[in-house]
Protein chains: 2
Amino acid sequence: MVEKQLNLSKNQRIIFDLIDKSPEPMKAYSILFNVQKKGIKAPLQVYRALDKLVEIGKIHKIESRNAFIACQNSSCQISKTTAFSICESCEKVTEIKDNKLAKYLTNFSDNTGMNYKKYNLEFFGLCKKCKRK
Amino acid sequence: MVEKQLNLSKNQRIIFDLIDKSPEPMKAYSILFNVQKKGIKAPLQVYRALDKLVEIGKIHKIESRNAFIACQNSSCQISKTTAFSICESCEKVTEIKDNKLAKYLTNFSDNTGMNYKKYNLEFFGLCKKCKRK
DNA sequence: TAACGTTATGTAATAATATAACATTTAGAA
DNA sequence: TTCTAAATGTTATATTATTACATAACGTTA
Ligand SMILES: [Zn+2]
Ligand SMILES: [Zn+2]
Ligand SMILES: [Zn+2]
Ligand SMILES: [Zn+2]
């Protein structure tokens, strides 16, 4: 989606490109370290870009890891409904794209009558690779 | 469950009782502040008790808030599968006890064939009270 | 273009959350 | 009693995130 990237500001694009290239979730201070050569020197510059990128759905925060990954789901532009699989051994994280799951959760309503347009689901287990060991 | 509480160590019980009485999730340093009069003086003492209490399922961590609540689900003793409703206005958090949901998620398996015995789901929205305003 | 409001940036300081390392004590089991 | 695992105490430090304030860039429209 080149279009969307064109709308990113300088810092936002630098940081998004870095996260997007990373095979694993990146932590804020690791991002900071990696972009210092590009002139981004302070934590706040990183956190501001992260906040914006999360807001527009280009990246997601993996809450249990305090780390960020690029959205792997092209249809998930303003991503209020997210699901991830996390390997507890190698820490590989994959965004789950499953329409049935999304539908089930979006339609879920609890016994208080509260219903939800937003959720975050994190599954934990062992990935194929780690299971074999 | 008096039985389970009897197994808690001194620090664990002090901290569990505090969280259990709290109407809202508690943060670690707020817990620390509240138990200093009982002799728990250092963050690590709090975090160790929290770790243990989470491990045995007496409390859960609300990942998106870095806060802890007592398990509200008596059957959820070693709680690897958790679901919460979080009000984005007043920050009220409720543990969701819904067997159908639990079954659905426990049986969920993604397209990689990975399956999961553990998950954490956080729903966001407005509670009844906040919706009225 | 000029003026305006909004968004983004720069910088320093500090707050909030969490862990490492090491010594000692306590509680149970053998 | 002796041994071991779990829990505690203490200090220091690492990691994650925000406050406060000043400046610059951008996009709109008069
Ligand atoms: Zn996504
Ligand atoms: Zn793995
Ligand atoms: Zn529970
Ligand atoms: Zn509310």
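Residue numbers start from 1 in every chain, and the chains themselves are labelled A, B, ... in the order their sequence lines are given, proteins ahead of strands.
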Trainee: Quick one: B/R48 CZ to C/dT17 C1', roughly how many Å, whole number?
Mentor: 16 Å
Trainee: Which residues pass the side chain to side chain donor-acceptor pair (under 3.5 Å) test with B/E88, not counting sequence neighbours?
Mentor: A/K118
Trainee: Within the structure, does a side-chain N or O atom of A/K41 lie under 4.0 Å from either OP1 or OP2 of C/dG10?
Mentor: no
Trainee: Looking at C/dA18, D/dT19, C/dA21, which one has an atom nearest to any side-chain atom of A/L44?
Mentor: D/dT19
Trainee: Give a yes/no on whether any side-chain N or O of B/K27 is located under 4.0 angstrom from OP1 or OP2 of C/dT17.
Mentor: yes
Trainee: How many whole angstroms separate atom CG of B/L32 from atom C1' of C/dT19?
Mentor: 15 Å
Trainee: Rounding to an integer number of Å, can you tell me how far B/Q36 CD sits from D/dT10 P?
Mentor: 12 Å
Trainee: Can you tell me how far C1' of D/dT15 sits from CZ of A/F33, to the nearest Å?
Mentor: 16 Å
Trainee: Evaluate side chain to side chain contact (heavy atoms under 4.5 Å, CB included) for A/K41 paired with A/V35, printing each intermediate quantity in order.
Mentor: CA-CA 8 Å; A/K41 291 178 237 157; A/V35 297; over 6 Å; no
Trainee: Under 5.5 Å between ring centres and under 30° between planes: does that hold for A/Y29 against the base of D/dT16?
Mentor: yes
Trainee: Which nucleotide, C/dA18, D/dA7, C/dT11, lies nearest any side-chain atom of B/Y47?
Mentor: C/dA18
Trainee: Round to the nearest Å and state the distance from A/R65 atom CZ to C/dT19 atom C1'.
Mentor: 16 Å
Trainee: State which of D/dG9, D/dC21, D/dA17 makes the closest approach to the side chain of A/A28.
Mentor: D/dA17
Trainee: For C/dG10 and A/Q45 - does any side-chain N or O of the residue sit under 4.0 Å from the phosphate oxygens OP1/OP2?
Mentor: yes
Trainee: If you compare every side-chain N and O of A/N66 against the phosphate oxygens of D/dT15 (OP1, OP2), does one of them come in below 4.0 Å?
Mentor: no
Trainee: Using the side chain to side chain contact (heavy atoms under 4.5 Å, CB included) definition, which of the options B/I40, B/I15, B/I14 pairs with B/I31?
Mentor: B/I15
Trainee: How many whole angstroms separate atom CD1 of B/I14 from atom P of D/dA7?
Mentor: 14 Å
Trainee: Decide side chain to side chain contact (heavy atoms under 4.5 Å, CB included) for B/M26 and B/N34; before the verdict, give the C-alpha distance in whole Å, the side-chain angles of both, and the deciding distance to 0.1 Å.
Mentor: CA-CA 10 Å; B/M26 292 196 76; B/N34 277 277; 3.9 Å; yes
Trainee: Would you mind reading off the distance between A/L50 atom CG and D/dT16 atom C1', rounded to a whole angstrom?
Mentor: 12 Å
Trainee: Below the 4.0 Å mark, does D/dA6 have OP1 or OP2 next to a side-chain nitrogen or oxygen of B/K52?
Mentor: no
Trainee: Near B/K117 NZ, under 6.0 Å, is it more than 12 heavy atoms from other residues, nucleotides or ligands?
Mentor: no
Trainee: Taking only side-chain nitrogens and oxygens of A/S9, does any of them come within less than 4.0 Å of OP1 or OP2 of D/dC26?
Mentor: no
Trainee: Evaluate the ring planes of B/F108 and B/Y116, with Trp represented by its six-membered ring, and classify them as parallel (under 30°), tilted (30 to 60°) or perpendicular (over 60°).
Mentor: parallel
Trainee: Could you give the CG-to-C1' distance, from B/D51 to D/dA6, as a whole number of Å?
Mentor: 14 Å
Trainee: Between C/dT17 and B/K61, is there an OP1 or OP2 to side-chain N/O distance shorter than 4.0 Å?
Mentor: no
Trainee: Nearest nucleotide by nearest heavy atom, which residue falls closer to the 5' end of DNA chain C, B/F68 or A/A49?
Mentor: A/A49
Trainee: Side chain of B/Q12 only, heavy atoms from C-beta on: which candidate in D/dA7, D/dT11, D/dA20 is closest?
Mentor: D/dA7
